[in-house]
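Structure first, then comments.
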Amino acid sequence: MHRMNRRGIVTRASRNTALLHLASTTPPAVFATLIGIHVNTATRWAALTGSAWNSYTTLPR
C-alpha cells in the first residue's frame, strides 16, 4: 500500500469500500474471522452498512 501511495495511487478508499461491502454481505462472526477482528467490531461495521444480521438466525427456512 505504501509503495502504491508513493506512486500516487491512493488505496485506502478502495480498501475501506471493499471491507464495508464484505461487512454488509457476510454475517459478523464470519467477517470477523476472515479479516481477524473482534466480532463486536465486525458487528459495528455491519451496523454502519445498514445490515440487519441480528435476526439472521431466526429467519424461517
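These numbers were taken from a predicted model, which means no experiment stands behind them. Because only heavy atoms are used, hydrogens play no part in the values below, and waters and symmetry mates are left out as well, while side chains stay in.
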**OP:** Using the side chain to side chain contact (heavy atoms under 4.5 Å, CB included) rule, pick out the option among Arg3, Met4, His2 that qualifies with Thr11.
**Re:** Met4
**OP:** Decide yes or no for Leu22 and Ile35: does some side-chain heavy atom of the first lie under 4.5 Å from some side-chain heavy atom of the second?
**Re:** yes
Is the backbone N or O of [Y] less than 3.5 Å from a side-chain atom of [X], with the two atoms forming a donor-acceptor pair by type?
{"X": "Thr33", "Y": "Ala29", "value": "yes"}
{"X": "Thr25", "Y": "His21", "value": "yes"}
{"X": "Thr26", "Y": "Ala23", "value": "no"}

**OP:** Heavy atoms only: give me the nearest Thr43-Pro28 pair and the separation to one decimal.
**Re:** OG1-CB, 3.6 Å
Original post:
For Asn5 and Ile9, which heavy atoms make the closest approach, and how far apart are they?
Top reply: OD1-O, 2.8 Å
Original post:
Can you pull the ring pair (Phe, Tyr, Trp, His ring centres under 6.0 Å) pairs that have at least one residue in residues 24-49, sequence neighbours excluded?
Top reply: Phe31-Trp45
Subject >> Single-linkage hydrophobic cluster Val30~Val39, side-chain heavy atoms < 4.5 angstrom >> reply: no
